[in-house]
Protein chains: 2
Amino acid sequence: MARQPAERKRQARGERRMRQLEDAAAEVFAELGYARATTNAIAARAGVSPGTLYQFFRNKEALAEALAQRYRAALRDAHDKAFDPGFASLPLPELVDRMVQPMIEVNLANPGFKALFAATDMPERLAAPTRQLHQAVVGKIAEVLTARVPDLPAARVRTIAVVSTQIFGALLGTVVSAPPAEREAWLTELKRALLGYLEPALRS
Amino acid sequence: MARQPAERKRQARGERRMRQLEDAAAEVFAELGYARATTNAIAARAGVSPGTLYQFFRNKEALAEALAQRYRAALRDAHDKAFDPGFASLPLPELVDRMVQPMIEVNLANPGFKALFAATDMPERLAAPTRQLHQAVVGKIAEVLTARVPDLPAARVRTIAVVSTQIFGALLGTVVSAPPAEREAWLTELKRALLGYLEPALRS
DNA sequence: TTGAAATACGAGCGATGACTCGTCTTCGAC
DNA sequence: GTCGAAGACGAGTCATCGCTCGTATTTCAA
């Protein structure tokens, strides 16, 4: 696998193709999950031959990595918008809201997100793209927690952040794959679960 | 696939082989997950040829189903032991303990459990074995909740049970794959998360 | 003892899917 | 306009894996 040097000169056409391929991958990942998504199907979805896909991405995982990078940026932007200075002193329910809402929105806007975030079916268990996304989320939560409760030891903050991320990941699928009529209800449960875990954890 | 009639006369030797194959499958599932576990590897682990495996199981999924059935029985036994009459009025933290402890123990005793319970990498999304295990857990939780808070509408009970199951599933991996020294700590977090969600949910 | 059913073997079939390679087309700097 | 580089093609390679089938061995009831 993978002979292509990492980077080469791209023409405008090439950059466009890469975006097309990432979009197609997002769709196919969303429909089938990472493992069952075939590179040929992704190429076909992008209206391109298999060979062209490999002109731009060393392998399937590199494609996932590019997508994950997109998602991390989207997440960062969404959260930046949701936090004005002083957010740390918000009532906890509202803080949870401001964390969760952007992530759900990123998810609905980028159908492939969940497939990468929740994937257990990667070649190597918890492969790079999944790890990156998890790290991004854990890091963000840890940052917010530290701002809110500066006295909490770093290790404890991290534990809480990891658990929160896993709770979120577990319910994410249910929320976004529910029919829109029920989505709000599941979202409420997700927030309740997070709040129920965080509220006592941040008091001690 | 699958020409063999579902059942035929088994000799003692055959029954033994089936148990061997299930044990081997549990190990390999635990190590690689369902998707990456190959039937040839399972046969080899059992010290048997691929053909022999298919003498007893129509296909890979039938093997998973047999395992899932085992696990459901183990779960039932473990919970039956944990609940004497009057459990419903236990303090909530202890009730959570009595639900969680047996499941963790079943998990540690049966390495394949998690692979089937948490699998997102099944042929069809959430295939039969996974669904069965989830249903067993959701059903048990719902039963306990109903006994404890009889006034709660059935639909609400089910929602709470589903969410609890997902929280459990999300943290299960972390708990059992942690080094034994850290396991207790993660287990505590798991119980906190469940308690934090359930406590307010059962009050209203 | 015997023969039919059950068990066991393992090379290999068939399908799938990631990835390649030789060839042709398009782009854009000069 | 020219020409080298970038882009595009898609049939085909190679490896993997679920599963089969022809044959050989073991069991056990009669």
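Each chain gets a letter, A, B and so on, in the order the sequences are listed, and its residues count up from 1.
- Scanning for side-chain hydrogen bond (donor to acceptor under 3.5 Å, both in side chains) contacts around B:Glu15 gives an empty result, with sequence neighbours left out.
- Remark on DNA chain D: of its neighbouring residues B:Ala37 and B:Ala12, the 5'-side contact belongs to B:Ala37, judged by nearest-heavy-atom nucleotide.
- Taking atom CZ of residue A:Arg58 and atom P of nucleotide C:dA18, one finds them 17 Å apart after rounding to whole Å.
- In this entry the distance linking CZ of A:Arg36 with P of C:dG17 reads 9 Å, nearest Å.
- Comparing atom distances between the B:Lys9 side chain and each of C:dA6, D:dC17, D:dC9 picks out C:dA6 as nearest.
- Proximity of A:Thr39 to the phosphate of C:dG17: no side-chain N or O atom is located under 4.0 Å from OP1 or OP2.
- The side-chain hydrogen bond (donor to acceptor under 3.5 Å, both in side chains) analysis of residues 169-189 of chain A, with sequence neighbours excluded, yields the pairs A:Thr174-B:Gln166, A:Glu189-A:Arg192, A:Glu189-B:Arg156, A:Glu189-B:Tyr197.
- As rounded to whole Å, 14 Å separates atom P of D:dA5 from atom CD of A:Gln55.
- The distance from atom CG of B:Leu32 to atom C1' of D:dC17 is 13 Å, rounded to the nearest whole Å.
- At whole-Å resolution of the value, CD in A:Gln11 and P in C:dA29 are 9 Å apart.
- Listed by chain and number, the residues in a salt bridge (charged side-chain N to carboxylate O under 4.0 Å, His left out) with A:Arg70 are A:Glu22, A:Asp23 (sequence neighbours excluded).
- Nucleic acid contact for A:Ala43: none, since no nucleic acid atom lies under 4.0 Å from a heavy atom of the residue.
- Less than 4.0 Å separates DNA chain C from at least one heavy atom of each of the following residues of residues 13-21 of chain A: A:Arg13.
- B:Ala44 comes within 4.0 angstrom of no nucleic acid atom, judged by non-hydrogen atoms across all strands.
- Atom pair B:Leu53:CG and C:dG10:C1' shows a separation of 13 Å (rounding to whole Å applied).
- OP1 or OP2 of D:dC19 has at least one side-chain nitrogen or oxygen of B:Tyr54 nearer than 4.0 Å.
- One N or O donor and one acceptor, one from the side chain of B:Ser49 and one from the base of C:dG10, sit under 3.5 Å apart.
- The ring pair (Phe, Tyr, Trp, His ring centres under 6.0 Å) contacts involving residues 152-181 of chain B comprise nothing, where partners must be two or more places apart or lie in separate chains.
- Nucleotide C:dG10 holds its C1' atom 10 Å from the CG atom of B:Asn40, rounded to whole Å.
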Worked check of side chain to side chain donor-acceptor pair (under 3.5 Å) between A:Gln20 and A:Arg17: CA-CA 5 Å; A:Gln20 277 176 31; A:Arg17 277 272 180 272; 2.9 Å; yes
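- B:Arg10 has a side-chain polar atom (N or O) that falls below the 4.0 Å cut-off from OP1 or OP2 of C:dT7.
- Taking side-chain N and O atoms only, B:Thr52 has a distance below 4.0 Å to OP1 or OP2 of C:dC9.
- With sequence neighbours left out, the salt bridge (charged side-chain N to carboxylate O under 4.0 Å, His left out) criterion links A:Glu94 to A:Arg98.
- Spacing between atom CD1 of B:Ile42 and atom P of D:dC17 amounts to 12 Å, rounded to whole angstrom units.
- Look at A:Lys60 and you'll find a side-chain N or O under 4.0 angstrom from OP1 or OP2 of C:dA18.
- Put simply, the side chain of B:Leu198 reaches to within 4.5 Å of the side chain of B:Ser164, judged on heavy atoms.
- Between the side chain of A:Lys140 and the main chain of A:Met99, no donor-acceptor pair closer than 3.5 Å is present.
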